[in-house]
Each structure stands twice: as C-alpha cells, then as structure tokens.
Amino acid sequence: MGLLERLRKEWFILGIVLVIAVARLEPAVGVKGGPLKPEITITYIAVSAIFFNSGLSLKTEELTSALVHVKLHLFVQIFTLVFFPTAIWLFLQLLSITPINEWLLKGLQTVGCMPPPVSSAVILTKAVGGNEAAAIFNSAFGSFLLGSSSSVPFTSIFSQLFMTVVVPLIIGQIVRRYIKDWLERKKPPFGTISSCVLLMIIYTTFCDTFANPNIDLDKFSLIIVVLIIFSIQMSFMFLTFLFSTRNNSSFTPADTVAIIFCSTHKSLTLGIPMLKIVFAGYEHLSLISVPLLIYHPAQILLGSLLVPTIKSWMVSRQKALKLTRQPKAPVKV
C-alpha cells in the first residue's frame, strides 16, 4: 500500500491529530464566545446536522425496531446510571487513601453519575456502522431521564433535546421519503459527513480544554487524573464488550457497538450545569469540574482512535455469523 493511499485510508486519525494541534496553537478561535461561536454552531447547528443526517440515512423500520429493543435499552441505562456510578464509588474508596486531591476524587464520582451525550456516542456508532438508531434513542433518553430527575431546569433540557435531536431526525425522515430512490442509487457518504462533524466537535472541545483556566493544576495531579480517566474508559468499554458478546446475550455486533459508546460516554453539556447547581457556592467547584472537563475530550479522542479497530471487529464478526447461518450443502453419497 502506497503512502498516499495509506494517508487517504487513515484520514480521520490524521484529522484528529491536526485539529488538536490547531486547537493547541490558538484555542481562542474555537472557544465558547470565540469567532466560531461553538455555543451556536456546535451546540445547535452541528448537533442538528448530525441527527438530520441520521434521519436521512436511517430506514424508518430501523428506527421502529430500535424503539422496541427493550433489552438493549435496559442494558445501556442500567450500566450508565447504576453500574457505572457504583463501580466508580467503590474504586474511589481505594483511591481515598492515596495523596490524590479529595476534590478531584469527588469530581470523578460526579462523572460516574452523568448521562450519555446526545452527539459523540451517536457519531462514533455511525462511523463504525453500528446500531445508530439504538444509539440515538439511548443517548437522548439517558439525558432526558437524568435531567428530568435532577435540579437542572427540565424545560430547558427538554426544549434543547427536542429542537436539536427530535425535530432534525423527523425532518430527515420526511425528506428521505421523497428522495429514497436517489439515496439508494447514489449512496451519499453519510459516515464521512458525520466524521467531519465529529472533527469540528473535537476541535472546539480541545479549544475549551486548552483555554480553560480551571485545569491549572500541578502536572502530577493532572497526569494521575488523566491516567485514571483513560483507565476507566478502557476498562468499561472492555466490560461492555464482554457482557454484550456473551453467547446468551442475543445482541448483534451492531448492537454491541452502540452499547460500547452509549454506556461509557458522559455528557459535558448537561454535566457542567448540574455541577454548578449541585455545588453552588463551593470554593472547590473548579477542582470538582476538572475530571468531567478531562473526561469529555478523552472519550471523544479514545473513541475516535478505536473506530477502525471496532469497525474491523464488527465486519469480521458479521461475516462469521453470516457464514454460520448459511445452510450446509448436502453431502453426496
């Protein structure tokens, strides 16, 4: 394989490196309130584009079947809202005897209690080719469920989810009905479009990270927290993979992809307002926020880097399952 062909194949990984490098050089461009206005272009326009793209590319029957896939939904929500925070709490009991800052540890606990985001988990699932419809449902439902039971304004959460997720998805489905034949004939690069949007999100996320004064900690604490966060993400992604690929799980490889991302990703958009409300008046609020501020870019970066590996596994697994289901040729006597 030639160098140019190799670069073309790995364009997404190179794109990640490039946008992070650009964000590091001049974070003020993509930071909230900066020239790119990510609070509008990303929070509303980009996220809406993601779900319009999903509505346009998904068959209506796929969305319908995803809604009734109760076992998958229960797995994701129980893992996200019960197992994840419980496991983190037990892990922090061990870390409490270490010299790690206690407020950083409290921040790690709050990370465990956050719902999944409504964008990154869906984009990564789509990039791999997993069960995108299930990822959409669980990401939106998790945010809606936790948001409605917390002190974050319910009306604000519902209206934002409705306008950036539900409405674009419905519009995409309506448009699909009129151009269905053209879509099936031309096969637009929906996955590539979503990947480009993800690069925009990665860029603005790292602009916020590099420009944020709240992460002005000593290098030792930062390194320890980063290592802990990456270890948690890798461990939980591996756990969800093991649980969802058991012989009696009945999940398809595409289901497993959605489960891996939806069960382990945490929302920064909903998380920061929750922290500001729950810990209002705390002088250590900035330290409590640090783990979530690190977790968000880390989950996008790690998930993006693992896309080729997970996609390769899913495709090979689907081929293997297809071969095992084919009827065997009769033996000639």
Side-chain angles (χ1 to χ4, degrees), residues 20 23-24 27 30-32 79-117 120-121 142-143 146-147 149-152 201-202 204-240 261 263-306:
I20 292 176
R24 182 69 184 89
V31 78
K32 185 177 179 180
F79 191 96
T80 303
L81 303 177
V82 180
F83 179 83
F84 200 123
T86 302
I88 292 295
W89 181 82
L90 291 172
F91 180 53
L92 292 179
Q93 302 312 301
L94 297 175
L95 291 180
S96 63
I97 61 175
T98 68
I100 300 174
N101 187 293
E102 64 172 306
W103 298 105
L104 289 179
L105 297 182
K106 288 184 183 295
L108 282 171
Q109 181 65 71
T110 63
V111 167
C113 301
M114 296 300 165
S120 61
S143 296
L146 192 59
S149 61
S150 69
S151 47
V152 177
I201 294 174
I202 292 172
T204 55
T205 299
F206 273 89
C207 282
D208 278 332
T209 301
F210 293 134
N212 198 310
N214 293 333
I215 309 186
D216 187 21
L217 298 172
D218 63 276
K219 290 183 179 180
F220 174 78
S221 297
L222 269 179
I223 291 171
I224 294 297
V225 171
V226 169
L227 289 176
I228 290 172
I229 286 172
F230 271 101
S231 298
I232 289 171
Q233 289 185 20
M234 287 296 294
S235 299
F236 284 2
M237 290 178 80
F238 184 64
L239 273 179
T240 54
F261 291 125
S263 300
T264 58
H265 279 212
K266 295 296 181 179
S267 175
L268 180 68
T269 305
L270 185 60
I272 291 300
M274 287 178 65
L275 290 180
K276 288 181 178 178
I277 291 172
V278 174
F279 296 100
Y282 275 63
E283 62 176 309
H284 299 291
L285 175 60
S286 60
L287 284 175
I288 296 172
S289 304
V290 165
L292 182 59
L293 292 170
I294 295 174
Y295 195 98
H296 181 69
Q299 72 188 4
I300 294 175
L301 179 60
L302 181 61
S304 301
L305 291 173
L306 289 175

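Annotation for Ile229 and Ala298: closest pair CG2-CB, 4.1 Å, computed over non-hydrogen atoms. Across Leu95 and Leu105, no two heavy atoms sit closer than the pair O-CD1, 3.8 Å. Minimum interatomic distance between Gln299 and Ser120 (heavy atoms only, all atoms of both residues): NE2-OG, 4.0 Å. In terms of heavy-atom proximity, Ile88 sits nearest to Gln109 at CG2-CA, 4.0 Å. The two residues Cys207 and Pro27 come nearest to each other via the heavy atoms CB-O, 3.4 Å.
With sequence neighbours excluded, the residues satisfying ring pair (Phe, Tyr, Trp, His ring centres under 6.0 Å) with Phe79 are Phe83, Phe236. Residues that satisfy the side chain to side chain contact (heavy atoms under 4.5 Å, CB included) test with Ser96, not counting sequence neighbours, are absent from this structure. Every side chain to side chain contact (heavy atoms under 4.5 Å, CB included) that Leu306 has, sequence neighbours left out, goes to Met234, Met237, Leu302, Ile310.
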Starting from the C-alpha separation in whole Å, work towards a yes-or-no answer on side-chain contact (heavy atoms from CB on, under 4.5 Å) for Lys266 and Thr80. CA-CA 9 Å; Lys266 295 296 181 179; Thr80 303; 3.5 Å; yes
Quick one: do Ile232 and Val111 satisfy side-chain contact (heavy atoms from CB on, under 4.5 Å)? Show the steps, please. CA-CA 11 Å; Ile232 289 171; Val111 167; over 6 Å; no
Please step through side-chain contact (heavy atoms from CB on, under 4.5 Å) for the pair Gln233 and Tyr295, ending with a clear verdict. CA-CA 9 Å; Gln233 289 185 20; Tyr295 195 98; 3.5 Å; yes
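The CG atom of Leu81 sits 10.5 Å away from atom OG1 of Thr86, with the distance rounded to the nearest 0.5 Å. The structure places CZ of Phe230 at 5.0 Å from CG of Leu301, a figure rounded to the nearest 0.5 Å. Between atom OG of residue Ser235 and atom CD1 of residue Ile228 there is a gap of 11.5 Å, rounded to the nearest 0.5 Å.
Leu104 is listed as a side-chain neighbour of Val290, based on a closest heavy-atom distance under 4.5 Å.
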